[in-house]
Protein chains: 2
Amino acid sequence: MASPETNGEEVPTRERILREASRLFGKKGFHGTSTREIANAVEIRQPSLFHHFPSKRDIMAELIDIDHSESAAVAEREAAAEGSPACRLYRYLVWDISFICRCPYDLTSVEGVIDDPLFADKLERRNALKRARRSIIEQAIESGEFLEVDADLAEKAIVWIMQGDIAETAGQAVPEADQIAQQLATFILRALLKDQDQLAAIKADAHCG
Amino acid sequence: MASPETNGEEVPTRERILREASRLFGKKGFHGTSTREIANAVEIRQPSLFHHFPSKRDIMAELIDIDHSESAAVAEREAAAEGSPACRLYRYLVWDISFICRCPYDLTSVEGVIDDPLFADKLERRNALKRARRSIIEQAIESGEFLEVDADLAEKAIVWIMQGDIAETAGQAVPEADQIAQQLATFILRALLKDQDQLAAIKADAHCG
DNA sequence: ATTGTAACCTATCAATCGATAGGTTTACAA
DNA sequence: TTGTAAACCTATCGATTGATAGGTTACAAT
């Protein structure tokens with residue numbers, strides 16, 4: 001019941017920097033947010049930031065890592081797994097959207113800076129995540145579970161929905177995380193499935209194994 | 001056949017500023033793009049920008065207006081129109097996505113700055129656009145055409161998909177605009193419709209009147 | 001030829017940016 | 001008590017920012 005963000009326990013400064021910075025980056029963009037604004041939000045002086053992070057860029061870089069590291073691992077595992085591709089996509093979607101909703105950071109700004117040359121070293125893993133996602137969709141089309149839609153466009157639409165969810169929940173660590181995740185995953189599956197009656201079976205299958 | 005962007009006719013400097021600025025804003029963000037970068041892309045000197053726009057902010061403000069003015073008008077007209085709500089939503093979606101794809105500007109950055117206090121005066125029309133969109137969805141749910149989903153979440157998912165499309169087509173004035181628009185609108189309708197067999201009738205109805 | 005004006009130029013400004021240097025406080029182990 | 005290291009502070013740096021001042025060029029109208 002006791003968690004660092006809901007009870008009176010003090011949150012370490014470094015953690016507060018990540019949270020306030022992510023919130024400001026999400027609202028005003030990475031470049032639009034100054035280190036003085038971040039410091040004000042954390043209630044420390046501006047140079048004190050550099051006691052916890054080597055540079056402003058490194059704050060953003062850590063937020064990118066938080067966003068991508070676990071997601072990429074889950075997506076690649078599901079892409080290589082056995083069983084129904086539609087079920088695997090559903091399982092990945094629920095996990096990732098739930099993760100986004102539970103996250104104490106506002107990861108809105110990540111997609112906005114990932115193409116910036118400043119974060120070129122973070123691009124490859126993001127592209128690996130995209131490839132894994134598209135792979136699952138293509139498997140579902142080949143297996144006949146999904147309509148023969150444009151796999152590229154479908155992958156994009158999914159990313160866009162998740163990206164929008166990031167922007168919406170915005171690091172509030174919302175309590176209805178699982179509910180939102182299941183609603184959105186259902187929305188996506190309905191748009192792709194040939195036979196909508198399979199939906200219930202896919203959900204039941206995803207939740208146990 | 002002859003259009004300003006495809007043939008050899010010279011594009012006015014003011015227009016080139018809007019196009020190059022929107023492209024840079026989309027890639028590096030509004031605050032991340034300097035007026036010198038814009039000027040370099042247009043092949044003029046930095047102070048010459050201010051001969052065409054009073055400030056950097058006014059360049060972004062004009063892009064916001066381009067993105068929202070026509071869209072809000074169409075959405076509000078369809079929200080107040082007669083006939084099948086599902087059909088009206090489809091008609092609006094195809095129009096707006098097609099508009100985005102045809103647009104010579106990269107409007108990616110608009111959603112990223114709309115919450116910035118710097119553009120507070122542009123927020124109300126954006127919210128009006130959101131209200132009109134949600135209104136059509138609610139009408140479709142009440143009429144029984146759509147599943148009884150969370151109207152708010154559905155509206156968000158739609159916005160997110162369109163927002164993603166903006167980021168993707170990125171002011172390239174893509175030739176397959178209508179095709180992409182119809183694919184995405186179909187994707188959305190499939191996720192929301194109770195009876196998928198109505199899809200063909202909705203499309204036929206939308207295209208004539 | 002002269003005037004007017006739009007469109008560009010060079011030179012430069014004050015403000016703000018991210019980051020560094022170096023001193024002070026705090027907490028805890030020896 | 002003393003040593004020490006983390007965490008913070010004030011003061012300040014050079015670089016870059018958006019914007020202004022004022023001169024030059026191109027060109028159409030008179």
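By convention in this document, chain letters (A, B, ...) are assigned in the order of the sequence lines, proteins followed by strands, and residues within each chain are numbered from 1.
Rounded to whole angstrom, the span from the CD1 atom of Ile59(B) across to the C1' atom of dG18(D) amounts to 11 Å. As a whole-Å value, the separation of Gln46(B) CD from dA21(D) C1' is 13 Å. Nucleotide dC17(C) holds its C1' atom 11 Å from the CD atom of Glu37(A), rounded to whole Å. Between Met60(A) atom CE and dG18(C) atom P there is a gap of 14 Å when expressed in whole angstrom units. A straight line from CD1 of Ile38(B) to C1' of dA19(D) spans 13 Å, rounded to a whole angstrom. If you measure from atom NZ of Lys56(A) to atom P of dT16(D), you get 15 Å, rounded to the nearest angstrom. Distance CZ (Phe50(A)) to C1' (dA6(D)): 18 Å, rounded to an integer number of Å. Per the geometry, CG belonging to Leu118(B) stands 15 Å off C1' belonging to dT16(C), to the nearest Å.
Within the structure, a side-chain polar atom (N or O) of Ser48(B) is placed less than 4.0 Å from OP1 or OP2 of dC9(C). The phosphate of dC8(D) (OP1 or OP2) has no side-chain N or O of His51(A) nearer than 4.0 angstrom.
Note on Arg57(A) versus Asp121(A): salt bridge recorded, some NZ/NE/NH1/NH2 to OD/OE distance being below 4.0 Å. Ion pairing between Arg131(B) and Glu155(B) fails under the 4.0 Å rule for side-chain N and carboxylate O. The existence of a salt bridge linking Asp67(B) and Arg125(B) is excluded, since no basic side-chain nitrogen approaches an acidic carboxylate oxygen closer than 4.0 Å.
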Practice task
Give the intermediate values and the outcome of salt bridge (charged side-chain N to carboxylate O under 4.0 Å, His left out) for residues Lys27(A) and Glu37(A).
Solution key: CA-CA 12 Å; Lys27(A) 189 174 177 184; Glu37(A) 287 177 282; over 6 Å; no
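Residue Arg45(B) places its side chain closer to dT10(C) than to any other of dT10(C), dC9(D), dC8(C).
Residues Ser55(A) and Thr13(B) each lie close to DNA chain C; by heavy-atom proximity, the contact nearer the 5' end of the strand is made by Thr13(B).
Across Arg16(B) and Val42(B), no two heavy atoms sit closer than the pair NH1-O, 3.2 Å. For the pair Ala154(A) and Ile137(A), the tightest heavy-atom approach, listed with the atom from each and the gap, is C-CD1, 4.2 Å.
For the contact set between residues 26-36 of chain B and DNA chain D, defined by any heavy atom under 4.0 Å, the members are Thr33(B), Ser34(B), Thr35(B), Arg36(B).
Considering CG of Leu93(A) and CD1 of Ile188(A), their distance stands at 4.5 Å, rounded to 0.5 Å.
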